[in-house]
Amino acid sequence: MTDAQWWRSAVIYQIYPRSFADSNGDGIGDLPGITARLSAVRDLGADAVWLSPFMTSPQRDAGYDVADYTDVDPVFGTLDDAKALIARAHELGLRVIIDLVPNHTSDQHKWFQAALAAGPGSPERDWYMFREGKGENGALPPNNWESVFGGSAWTRVTNPDGTPGQWYLHLFDESQPDLNWQSPLVRAAFRDILRFWLDLGVDGFRVDVAHGLVKAEGLPDYTPPKSAGSMGGRPGAEDDEDEPELAPYWGQDGVHEIYREWHQVLAEYDGDRALCGEAWVEPLSRLALWVRPDEMQQTFNFTYLETHWQAETLREVIRDSIDAFAAVGAPSTWVLSNHDVVRHATRLAISFENQQGAGLGPRDLKRLPERHFALRRARAATALMLSLPGSAYLYQGEELGLPEIVDLPDEVRQDPTWFRTGGERYGRDGCRVPIPWEADAPAYGFNKTGASWLPQPELWAEYARDVQESDPASTLSMYRELIDLRAQYGLGANADIELLDGFGEDVIALRNGEVTVIANLGSWDLYLPDGRVLGASAPVGRNLPPDTTAWLITA
Ligand code: NOJ
Ligand code: CA
């Protein structure tokens with residue numbers, strides 16, 4: 001596997017291990033399950049997989065709370081299972097990106113346990129963000145920061161003698177204490193972790209909360225503007241506006257030094273390994289700093305993910321993304337779904353405000369779009385995304401057109417967001433339901449016992465992979481066809497596109513190399529230009545119906 005800079009144009013398929021395939025029937029997906037089902041990802045035409053965390057973890061945040069970075073959690077298997085998975089992926093021609101969680105550990109990590117035991121002022125405590133409280137007897141948290149999952153971002157510990165002690169920072173759940181990235185020991189430990197997995201043959205890392213590691217000096221109070229998403233970012237922060245004010249815990253300049261160091265670590269290895277940052281940073285020109293030539297190779301384009309299905313803004317975001325990244329010599333990435341957001345087969349058709357991370361649930365049932373209508377739109381959006389130059393990220397199940405599951409009963413919910421907000425925000429369980437493989441098998445083929453850590457809906461039978469395999473009109477067939485055409489016409493590898501005028505306000509029309517792409521975001525049919533249709537998100541004749549995207553070679 002020597003294709004230089006493969007990541008520039010790759011289609012990367014995200015596997016959420018808990019929900020992909022379960023080999024031992026305990027209801028939770030695992031590594032042997034993934035290995036056994038991996039050929040489906042190759043058949044889709046993807047170039048790489050990204051695996052959400054499978055390291056040792058008490059699973060308080062579905063594995064994003066790591067207690068040992070260099071071992072596999074028994075729920076998912078063993079280190080040998082991880083080796084077998086990597087070997088199988090490489091045999092299939094798939095590269096493997098794993099998830100690295102450097103902003104915080106689990107509170108069960110031995111570093112945190114040592115910090116608790118060693119007490120205030122100790123070198124052990126310096127691995128984390130411990131501070132004295134404010135007010136009488138330090139009874140108040142050190143500042144006003146809020147956790148992304150709701151509630152205060154600080155928790156007070158108890159001293160060994162039972163008296164109340166210091167507070168520690170956790171931008172997420174209280175079981176996820178933030179590390180202190182000013183500590184050279186923390187930095188050295190993570191360089192070793194990178195090498196451990198690189199030695200095992202992984203091709204790269206998706207870096208969790210990559211914009212959170214460095215906090216502003218003095219940890220000043222901060223109240224985010226209403227427009228900010230829970231992970232930061234400022235929808236509406238435009239490139240030509242003044243730089244929006246930075247939260248003291250997101251996107252601080254100091255993070256870049258860390259990724260320059262990591263770039264060097266990856267460069268010690270052959271085969272063009274890659275870092276992809278989860279950085280909710282806006283505007284795009286600021287995000288592009290993350291992928292300067294000596295830093296990360298990729299960063300998720302969440303501005304694109306958060307843009308509504310509206311032609312004018314979407315057109316602008318596409319133009320700005322390509323330009324902002326090109327300015328630093330990097331391709332853009334594109335993404336519509338992942339394990340943290342409402343699946344785009346539902347999201348793009350909802351007409352009410354729904355903050356990232358809030359999820360959907362029974363309270364929203366009445367105002368949801370009809371799912372076939374919403375899927376039609378999602379397919380059009382995917383067909384547009386797959387036509388763009390750069391790398392595209394897919395989230396397991398979107399190739400089946402899976403909708404968000406909104407009727408999960410309260411008692412099965414697992415996302416810490418649900419608990420920390422007292423049920424005010426549903427959180428992300430609705431996009432994490434184990435995926436269907438076979439319409440007529442227990443757990444829809446997820447395993448052989450029928451167990452499932454989140455209940456699967458009856459409608460999964462309609463979406464099962466085996467049903468879609470043989471249907472040329474299925475969403476799965478559309479994904480395969482377009483990914484194949486994308487490779488054939490080199491769409492991902494081109495440096496730029498030409499946005500075409502004259503098609504009307506509700507249309508996005510572009511040329512990428514030989515291919516003309518037309519997306520109809522309006523409410524009535526358009527005439528298609530003369531030419532040969534290569535592929536489309538729905539049947540097209542002479543006309544392009546609403547919520548449809550077509551790829552053509554024009555006459
Ligand atoms: C981002 C991950 O994608 C999300 O699932 C997780 O809860 C937070 N980071 C905290 O690690
Ligand atoms: Ca299992």
Side-chain angles (χ1 to χ4, degrees), residues 14-37 50-55 57-67 69 72-78 81 97-107 109 147-150 153 169-179 205-213 229-233 249-250 276-280 299-300 302 305 335 337-341 356-357 359 393 395 414-420 425 427-432 434 442-443 446-454:
Q14 179 188 359
I15 293 180
Y16 193 65
R18 301 178 77 77
S19 304
F20 189 70
D22 170 23
S23 72
N24 63 356
D26 65 353
I28 305 179
D30 46 50
L31 300 187
I34 297 171
T35 304
R37 291 282 196 186
W50 147 37
L51 300 157
S52 280
F54 51 78
M55 294 81 196
S57 159
Q59 307 290 323
R60 291 280 297 270
D61 183 22
Y64 283 95
D65 48 326
V66 179
Y69 288 91
V72 171
D73 194 275
V75 158
F76 298 122
T78 63
D81 293 331
I97 295 175
I98 63 164
D99 217 309
L100 185 71
V101 187
N103 180 67
H104 44 266
T105 68
S106 159
D107 60 356
H109 196 290
S147 152
V148 170
F149 295 155
L169 176 69
H170 51 87
L171 291 182
F172 296 88
D173 190 57
E174 65 184 81
S175 65
Q176 295 167 296
D178 279 50
L179 284 161
F205 301 89
R206 175 264 189 191
V207 182
D208 188 64
V209 200
H211 60 320
L213 276 52
S230 61
M231 289 285 285
Y249 39 84
W250 296 141
C276 177
E278 188 215 13
W280 297 76
T299 183
F300 289 111
F302 293 123
L305 183 151
V335 61
S337 279
N338 65 35
H339 65 294
D340 289 329
V341 301
Q356 188 271 319
Y393 274 83
Y395 174 51
Q414 312 242 353
D415 187 342
T417 309
W418 167 257
F419 300 101
R420 293 186 62 87
R425 289 194 243 151
R428 305 156 294 173
D429 293 317
C431 66
R432 298 176 174 182
F446 171 60
N447 59 24
K448 293 200 162 53
T449 60
S452 177
W453 71 280
L454 285 173

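This one's a predicted model, so the numbers in the text were calculated from it and none came from an experiment. Read the numbers this way: they start at 1 and go in the same order the structure lists the ligands and their atoms.
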| note | Contacts of Val209 meeting side-chain contact (heavy atoms from CB on, under 4.5 Å) (sequence neighbours excluded), chain-then-number -> Asn103, His104, Phe172, His211, Met231, Trp250, Glu278

| query | Can you find a heavy atom in the side chain of Val101 that is under 4.5 Å from one in the side chain of Pro53? | reply | yes

| request: Heavy atoms only: give me the nearest Asn338-Leu305 pair and the separation to one decimal. | output: ND2-CD1, 4.2 Å

| task | Answer with yes or no whether the side chains of Tyr64 and Ser57 bring together a donor and an acceptor at under 3.5 Å. | result | no

| note | For Tyr16 and Ala62, the nearest pair of non-hydrogen atoms, with its separation, is OH-CB, 3.2 Å

| message | Any donor-acceptor pair under 3.5 Å linking the side-chain atoms of Gln59 with those of Arg18? | response | yes

| task | Go through the structure and list residues passing ring pair (Phe, Tyr, Trp, His ring centres under 6.0 Å) with Trp418, not counting sequence neighbours. | result | Tyr426

| query | Parallel, tilted or perpendicular for Trp280 and Phe302, by the 30°/60° rule? | reply | parallel

| query | For the Ca ion (ligand 2), which protein N/O/S atoms are closer than 3.0 Å? | reply | Asp22 OD1, Asn24 OD1, Asp26 OD1, Ile28 O, Asp30 OD2

Pairs under 3.5 angstrom, nitrogen or oxygen on both sides, ligand 1 versus protein: list them out, please.
unit_1: ligand 1; atom_1: 3 (O); unit_2: Arg206; atom_2: NH2; d: 3.0
unit_1: ligand 1; atom_1: 3 (O); unit_2: His339; atom_2: NE2; d: 2.8
unit_1: ligand 1; atom_1: 3 (O); unit_2: Asp340; atom_2: OD2; d: 2.4
unit_1: ligand 1; atom_1: 5 (O); unit_2: His339; atom_2: NE2; d: 2.9
unit_1: ligand 1; atom_1: 5 (O); unit_2: Asp340; atom_2: OD1; d: 2.7
unit_1: ligand 1; atom_1: 5 (O); unit_2: Arg428; atom_2: NH1; d: 3.2
unit_1: ligand 1; atom_1: 7 (O); unit_2: Asp61; atom_2: OD1; d: 3.4
unit_1: ligand 1; atom_1: 7 (O); unit_2: Asp61; atom_2: OD2; d: 2.6
unit_1: ligand 1; atom_1: 7 (O); unit_2: Arg428; atom_2: NH1; d: 2.9
unit_1: ligand 1; atom_1: 9 (N); unit_2: Asp208; atom_2: OD1; d: 2.9
unit_1: ligand 1; atom_1: 9 (N); unit_2: Asp208; atom_2: OD2; d: 3.2
unit_1: ligand 1; atom_1: 11 (O); unit_2: His104; atom_2: NE2; d: 2.9
unit_1: ligand 1; atom_1: 11 (O); unit_2: Asp208; atom_2: OD2; d: 2.7

| said: On a heavy-atom basis, which atom in Gly33 and which in Ser23 lie closest, and how many Å separate them? | reply: N-CB, 3.7 Å

